[in-house]
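Contents: one structure, followed by commentary.
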Amino acid sequence: MADALLELMNVEVLYSNVILALKGVSLKVAPKGCVALLGANGAGKSTTLKAISGVIASDDGRVSGGSIAFAGQAIAGRETASVVRSGLVHVMEGRRVLPHMTVEQNLVIGGHMFANAARMRRALDGVYEAIPRLADLRTRTAGYLSGGEQQMLVIGRAIMAEPSLMLIDEPSLGLAPRMIEEVFAVLHRLRGNGLALLIVEQNTRVALELADYGYVMESGRIVLEGAAGELGANEDVREFYLGLDRDGGRKSFRDVKHYRRRKRWLG
Amino acid sequence: MLSAEGVTLRFGGVTALSDVSIQVRADEMLAIIGPNGAGKSSLLNVLSGFYRPQEGRITYQGLDILGRPVHQIASDGVVRTFQGTHLFPHMTVLDNILIGRHARMRGGLAQAFVYFPWTRNEEARHREIAENIVEFLEIENIRHQPVGALGYGLRKRVDLGRALAMEPRVLVMDEPMAGMNTEEKEDLARFIIDVREARRIPVVLVEHDMGVVMDLADRVAVLDFGRKIADGTPAQVQADPAVIQAYLGAPA
Amino acid sequence: MDPSGVFFTRYQRDSTLVRTRAQWLALAMFAGLLLSLPWIASPRLLAVANLMFITAIVVVGLQITTGYAGQINLGQAAFMGVGAYGASVMEVKLGLPFWVAVPAGGVIAAAAGWAFGLTAARIKGFYLALTTIAAQFLFVFVVLNLPSSWLGGVNGFSLQPARLGPVAFDSDAKLYYLFLIAAAVMVAGALGIVRSRHGRAFEAVRDDDVAAGMMGIDVAGTKARAFVTGAFYAGIGGALWAYQIRFVSVDQFTLFNSIWFIAMMIVGGLGSIVGALVGTVAIRAVQETITSVGPNLIERFPGLGTDLVFASMNVFLGLVITGFLLLEPKGLMHRWNILKANYRLWPFPH
Amino acid sequence: MIIEFLNYTLNGALLGLLYALVAMGFVVIYRASKVFNMATGEMLVLGAFLVWWAVASRGLHPAVGIAAALAMAVLVGLAIERFFFRRLIGESVFSMIMVTIGLLILTRGLVLVIWGPQERAFPALIRLEPLIVGEMIVPRPLAAAGVVAVVFALGLHWFFNRSRTGLAMSAVAEDHQIALAMGISVRRSIAFAWALGGVLSVISSIVYLSGKSLTFLSSEIGFAALPVALLAGLESIRGLLLAGVIVGVVQGLTSAYIDPLIGGNAASVVPYVFMLVVLAVRPNGMFGWKRIERV
Amino acid sequence: QTTVNLAAFADFAGPYANVMNDMQGGRLAVIDWWNKEVGEKMNVRIALKTYDTRYDVAQTASLWPGIKAELKPALVLGLGGPDAAALQQRLPEDKVPMLFGTAAYGFGWKPNQWALNVRPTYSHEAAGFIEWFRTAKLEGKRPVKVGIITSEATPAYADMAKGLQAYAKANPDKATFVEAIWTEVQPADLTLQVRRLANAGTDLIVIQTNTAQAVATKRALQSLNKNIPIMLSLHNGVLGSSKALGNPNGFAGDYEVGAIADASEDDTAARKFYSMLQSKYGAKAGWNSMTMLGMGQAIVAVRAVEAAAKAKGATGVTGEAVHAALISTDFTGAQLMGLLPGVDFKPENPFPTGSAKVNIATMKDGKVVRVAADAPVPAIPKW
Ligand SMILES: Nc1ncnc2c1ncn2[C@@H]1O[C@H](COP(=O)(O)OP(=O)(O)OP(=O)(O)O)[C@@H](O)[C@H]1O
Ligand SMILES: Nc1ncnc2c1ncn2[C@@H]1O[C@H](COP(=O)(O)OP(=O)(O)OP(=O)(O)O)[C@@H](O)[C@H]1O
Ligand SMILES: [Mg+2]
Ligand SMILES: [Mg+2]
């Protein structure tokens with residue numbers, strides 16, 4: 001992967017000048033590649049994406065070390081808008097719709113950089129076709145959509161921008177099983193069209209199906225990386241991320257790890 | 001214990017719930033599932049008094065609670081967690097949990113102004129309860145961090161802690177496990193099981209992770225487009241073709 | 001944050017404000033300094049200190065309404081005016097002593113605050129902020145148009161000095177102690193409030209009022225309480241002002257004053273009582289310095305046009321405020337906390 | 001009598017439209033940057049002095065002078081973005097309001113230093129003879145204010161709600177961070193907003209002050225226009241027209257029929273009282289974005 | 001030589017910034033003159049130090065203790081309402097008198113004041129004019145129908161309307177009060193309000209607030225094609241208002257009135273004094289009514305210091321001595337260089353009453369022309 005589309009080298013991120021959230025993260029996304037970023041809560045996955053796109057600046061954070069290159073250009077510290085214009089969009093965690101706008105307005109704004117209205121229209125139709133649910137909701141105010149509907153909307157909005165690299169933070173969050181299949185089908189199709197993806201996902205199974213390479217983060221560091229297949233076979237990943245027991249069967253949530261249970265509370 | 005009868009809820013042209021009836025029995029875990037936009041969150045909002053349905057009745061411990069102020073319903077024991085998080089981002093984890101104690105504390109403004117020892121002792125008493133919850137949820141290391149700086153998963157845990165601090169008599173949870181990896185889901189599942197064992201309270205759970213729902217729930221209700229299409233044990237529901245068609249898609 | 005090596009064995013200790021011996025010592029020295037100020041400070045400084053005490057009380061109240069409970073209030077000066085008029089009526093019309101009139105002023109202002117607080121249950125955000133400006137206009141209109149035998153109308157009120165037994169608070173030095181005590185009590189009270197369940201409820205309502213309701217907090221009541229508290233502080237400040245100036249009229253309480261109160265709060269840092277004090281002192285100090293620099297500049301360089309010098313002072317003041325906000329938009333307390341955090345971690349940067 | 005009543009109503013409505021035009025300064029900047037500009041009145045004074053300087057002081061032909069003033073106002077707007085708001089993107093709404101307050105103090109000081117406190121005769125750029133319709137008398141500047149307000153409101157309404165650029169700017173008003181992540185240049189949006197604010201300040205100063213006197217205190221109209229902005233709803237440009245007319249008429253009739261009765265100035269508080277009442281019923285003004293409260 | 005310190009309050013950045021320069025120039029010139037021509041002989045020198053109070057009570061209140069301690073002033077040259085509000089209760093205790101060059105207000109009308117105005121109230125001045133107007137223009141046949149345009153922006157402005165009303169009520173044979181038009185400080189349009197006055201047969205419109213209201217009223221009259229004379233006060237006089245109107249002769253036929261020398265072109269004593277100050281002392285102030293305010297205030301100040309020095313000796317010029325001199329001395333018009341008709345403070349009135357006379361000037365061909373000197377001021381009941 002010599003000519004990676006996105007390359008992070010030893011990136012460090014500092015929040016409020018005191019909290020060091022990333023402690024030297026290096027990762028690469030090949031052109032048209034798909035990379036999954038896994039990790040526990042608070043590991044720094046979202047921070048990584050925010051550092052890449054630059055929105056971290058408005059969270060009182062900054063990239064304090066290392067380098068980030070996108071399509072050969074150093075982008076660390078650049079203004080988000082210009083990074084996004086160069087072909088990278090970031091779907092932030094937390095269903096960040098524009099609440100007072102209708103679904104269609106949200107999508108149109110997603111395609112605000114199209115030169116002419118006809119191309120925008122085409123992209124819009126493309127999104128409606130990919131996620132038909134959005135077509136039904138087009139005149140609804142985004143802020144009143146259900147959680148899952150909002151999730152679909154932000155993904156649709158990102159597609160509108162026709163990026164070459166998409167950073168997605170937890171796309172399956174809050175989606176019903178059938179919707180997850182649909183959304184990932186869309187992502188598969190986009191991959192087929194040459195879109196590169198960096199995806200943070202807790203639904204490890206589908207993520208590893210989609211990705212060809214994966215990284216596992218733990219408290220601000222990459223602790224494990226490998227091809228998607230390898231990772232899927234790793235014992236820890238199987239236990240902690242896929243929820244499988246040693247022989248590959250699914251454990252029941254009812255009798256998991258009661259040994260770790262500490263009944264100090266209400267004891 | 002808590003029940004909705006014939007609830008219909010409309011927003012302008014959108015019918016979020018139509019004629020939905022649901023009963024939460026004492027000491028059971030009821031899961032509500034359904035596709036996105038089916039009306040699950042809306043139903044929880046109706047139960048906790050935030051939405052006022054156009055038709056139907058909500059009863060809690062035998063009393064009609066429709067139209068009661070939200071905060072009263074909450075302090076009477078119908079306690080919930082939120083889809084997404086609705087924590088107080090600028091407050092610390094501990095303060096968020098202490099908010100759960102608010103309705104159980106008594107001191108008035110004037111007492112707070114003078115801050116005599118009894119105010120301080122009351123604070124300390126409740127602080128102790130909050131600390132127990134912190135310990136139970138294993139979030140000791142972040143207790144003084146503002147919640148806004150936490151990742152999604154930890155927030156969900158704090159959200160649960162805050163609800164527990166309210167001493168719920170019915171615990172209503174909206175997608176508590178979204179955004180967690182399997183290990184964390186297991187932890188949370190454990191917390192929920194513990195709470196139920198220790199408190200013997202009913203839990204209403206909305207969740208999209210079928211593994212969790214099928215393993216934990218005693219009973220499952222399925223909503224689709226605002227209507228209840230199924231209600232039964234996990235096994236019954238999982239086998240229901242209407243449910244598979246509307247929700248599960250390929251067998252999980 | 002606690003210095004390392006400090007551990008608490010009881011939760012009570014955690015809510016204590018002063019924890020270590022070093023903190024006690026610093027506080028004692030500060031108190032000593034404050035108590036001896038009338039002997040060591042120039043009369044001008046003393047007058048400025050008096051003004052700072054009054055302003056600090058008002059700004060601390062604003063901090064509770066706005067910084068803690070998130071209800072932006074651009075009418076704090078009007079509530080201050082209500083307090084001043086309230087106290088004046090008590091003193092002038094009813095002949096009550098100042099130690100009744102001052103709290104009464106606070107209570108009357110609190111009642112006015114309550115009326116506005118009720119609207120806060122419905123009107124939110126910017127809309128609320130800008131409707132509080134209405135408090136200003138209504139205040140002026142009501143005072144000027146009620147029969148002048150009620151609130152003095154255009155004539156205002158003249159007051160006798162506050163009197164406690166044989167002591168008349170008629171000089172800056174005497175008023176200094178009165179105001180110092182009042183400010184200390186009010187600040188201590190504010191610290192109590194923000195540490196209590198009410199303080200937390202205020203913050204919860206600020207951060208997310210919908211969720212707060214579902215957590216058993218009576219949102220409308222809490223907002224009203226936040227306004228009542230803030231207005232009470234403004235009223236106490238206004239009442240003290242009445243006893244300092246001993247003449248009260250509507251034009252002493254302007255929208256511009258409210259704006260300055262907001263500036264003080266923000267410069268200090270939102271959501272911090274100490275921040276309110278710091279901000280008050282900082283802005284008043286800058287204002288007063290600029291005011292004193294003007295005449296001296298002119299004396300030294302008579303060639304400079306008087307008008308130009310004084311007008312430039314305004315530009316300078318504007319630059320200080322905006323410059324400050326650009327460099328430290330989260331307020332002085334934020335910077336202080338970062339400094340403290342860095343100090344704790346020293347020698348490691350993070 | 002009835003004619004008189006109609007005349008008060010009409011002039012009140014037109015005055016209200018003048019307020020609407022001034023209030024547009026608040027709304028446009030808010031709509032494209034999420035900043036509530038407390039210095040709107042001061043901006044107007046600045047715009048007015050630019051016009052005065054170009055037309056009255058330098059003696060340029062009015063058309064040229066106004067063009068020059070507009071150009072300068074745009075530059076001022078751009079400079080404000082560059083020096084003040086660029087650093088604050090994503091900061092709390094509070095800091096931004098505060099900066100506009102700082103701007104208010106600063107602008108006032110600068111106007112005093114540059115032009116001094118004297119009263120200046122603002123050139124009569126609009127003919128002064130009133131329009132006489134039957135027994136009704138309508139001052140021409142007010143009529144002009146009405147026309148300009150309507151034209152601008154409709155134009156800007158279209159821009160912000162229909163054009164893609166305008167929509168993108170509205171996204172900035174929703175949330176700086178989302179806008180950034182979508183590749184919208186928050187910077188440019190803010191710059192545009194302030195430049196537009198500059199243009200509006202020049203235009204409204206012309207209709208407000210033509211033939212009157214100008215000092216730095218003319219900024220007071222900013223606070224008179226405030227209730228109009230709130231009544232309309234902070235995001236609604238078209239709504240300003242209706243809100244302006246309502247406030248203007250209520251104020252006009254109060255000043256005509258109530259003030260003489262009570263011997264006081266109820267007309268100055270009536271817009272605020274009216275605003276309070278309406279907001280109690282509709283907390284986001286008549287056409288503002290409704291606060292979305294969901295869990 | 002003994003130095004007597006005086007403090008002066010100014011407002012270079014607030015609402016009166018526009019008039020401050022001339023006023024200050026007038027103050028300084030008079031003091032320079034007195035130091036040279038009177039003080040030197042008495043071995044007394046007056047030093048004036050100026051403070052910007054921004055027309056703000058809090059500012060004055062915080063400055064004052066410092067001024068008092070540092071300067072130990074024997075007298076303060078105040079500027080207006082806020083200075084009085086901040087200090088009127090303190091001055092008797094601090095034993096420092098304060099003088100204002102502006103007209104007084106009803107609310108300052110209290111006995112035993114240390115804050116004194118060298119002119120009676122605005123309403124007194126208006127009443128003096130109305131009585132002259134009645135005889136001169138209406139041949140004394142009927143009461144003058146008078147309306148006032150003012151604002152509630154400050155209590156002082158509101159007071160003007162109340163005082164005028166009180167006068168009309170007490171003298172129904174002299175004046176009929178038509179209406180007070182309440183408007184903003186910077187009105188957008190007054191056409192209909194003025195038409196209401198015109199329709200009521202108003203003979204005279206009084207505007208003692210500010211220039212913006214005068215200009216807006218003038219524009220309204222022009223729109224209506226009406227010619228009702230306007231009576232202005234000195235601080236918003238005909239010259240300034242015409243300039244602000246953009247027409248040097250805009251207020252032709254209107255009047256400016258004050259119980260102080262007017263800025264007319266006539267060769268009055270005040271004018272001569274001013275010319276002398278200009279040529280010999282380089283007075284940095286134009287020939288206008290604002291300068292007159294500064295000069296009038298300063299001349300009473302220096303004469304009071306002079307009287308105190310004569311009574312108590314050069315070193316005895318304390319605030320108390322100056323106050324005593326102010327109250328007990330009847331300053332004549334000649335002593336005051338014709339700047340004021342005479343000043344006779346009485347303990348019960350903090351402004352001259354017995355000697356108060358108004359000068360009335362009008363505008364003709366772009367010039368201020370005196371039409372009546374020393375028109376007497378009637379008595380008005382306290383309001
Ligand atoms: N705005 C912020 N200010 C301070 N610290 C922050 C901020 N945002 C995140 N952090 C810290 O950075 C660390 C990484 O957070 P991040 O959001 O990247 O985690 P994550 O891996 O995305 O977790 P999750 O799966 O829960 O979303 C956390 O420990 C958090 O406390
Ligand atoms: N306040 C509201 N105003 C308008 N429409 C609403 C409102 N609340 C919910 N809806 C609509 O009602 C429908 C049901 O929403 P709800 O949030 O209950 O879905 P849900 O079952 O929780 O879905 P998800 O699993 O995606 O969270 C949705 O179509 C939503 O857009
Ligand atoms: Mg994350
Ligand atoms: Mg939901």
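Letters A, B, ... are given to chains in the order of the sequence lines, protein chains preceding strands, and every chain is numbered from 1.
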### Summary
For Thr183(E) and Asn265(D) the tightest heavy-atom approach is O-ND2, 3.8 Å
### Query
Should Pro139(D) and Arg219(E) count as side-chain neighbours, where that means a heavy-atom distance under 4.5 Å?
no
### Query
Between Val215(E) and Glu119(D), is any pair of side-chain heavy atoms under 4.5 Å apart?
no
### Message
Given heavy-atom pairs under 4.5 angstrom as the criterion, report whether the side chain, backbone, both or neither of Leu128(D) touches chain E.
### Response
both
### Query
Less than 4.5 Å apart, any side-chain heavy atom of Val138(D) and any of Thr191(E)?
no
### Query
If you tally heavy-atom pairs under 4.5 Å against chain D, which of Asn247(E), Thr211(E), Leu245(E) wins?
Thr211(E)
### Residue pair Pro130(D) / Ser223(E): nearest heavy atoms and the distance that separates them
CG-O, 3.4 Å
### Message
With rounding to the nearest 0.5 angstrom, report the CG to CG distance, Leu18(D) to Asp189(E).
### Response
9.5 Å
### Query
Is it the backbone or the side chain of Ser268(D) that comes under 4.5 Å from a heavy atom of chain E, or both, or neither?
neither
### CZ/Phe5(D): more than 12 non-hydrogen atoms of other groups inside 6.0 Å
no
### Task
Please report the shortest heavy-atom distance between Ala121(D) and Lys243(E), naming the atom on each side.
CB-O, 3.2 Å
### Task
Sort Ala256(D) into side chain, backbone, both or neither according to what part of it lies under 4.5 angstrom from a heavy atom of chain E.
both
### Task
Would you mind checking which part of Ala212(E) comes under 4.5 Å of any heavy atom in chain D, side chain (CB onward), backbone (N, CA, C, O), both or neither?
both
### Message
So for Glu129(D), is it side chain, backbone, both, or neither that comes closer than 4.5 Å to the heavy atoms of chain E?
### Response
neither
### Task
Please report the closest heavy-atom contact between Glu179(E) and Pro260(D), naming both atoms and the distance.
OE2-CG, 3.4 Å
#### Entry: Proximity of residues 204-212 of chain D to chain E, residues having a non-hydrogen atom under 4.5 angstrom
Tyr208(D), Gly211(D), Lys212(D)
### Query
Hey, are the side chains of Glu152(E) and Val269(D) touching, using non-hydrogen atoms and a 4.5 Å cut-off?
no
### Query
With sequence neighbours left out, which residue pairs that include part of residues 45-60 of chain D fulfil the side-chain hydrogen bond (donor to acceptor under 3.5 Å, both in side chains) condition?
none
### Part of Leu142(D) within contact of chain E (heavy atom distance under 4.5 Å)
side chain
### Task
Mind ranking Lys218(E), Glu184(E), Arg195(E) by heavy-atom pairs under 4.5 Å with chain D and telling me who comes out on top?
Arg195(E)
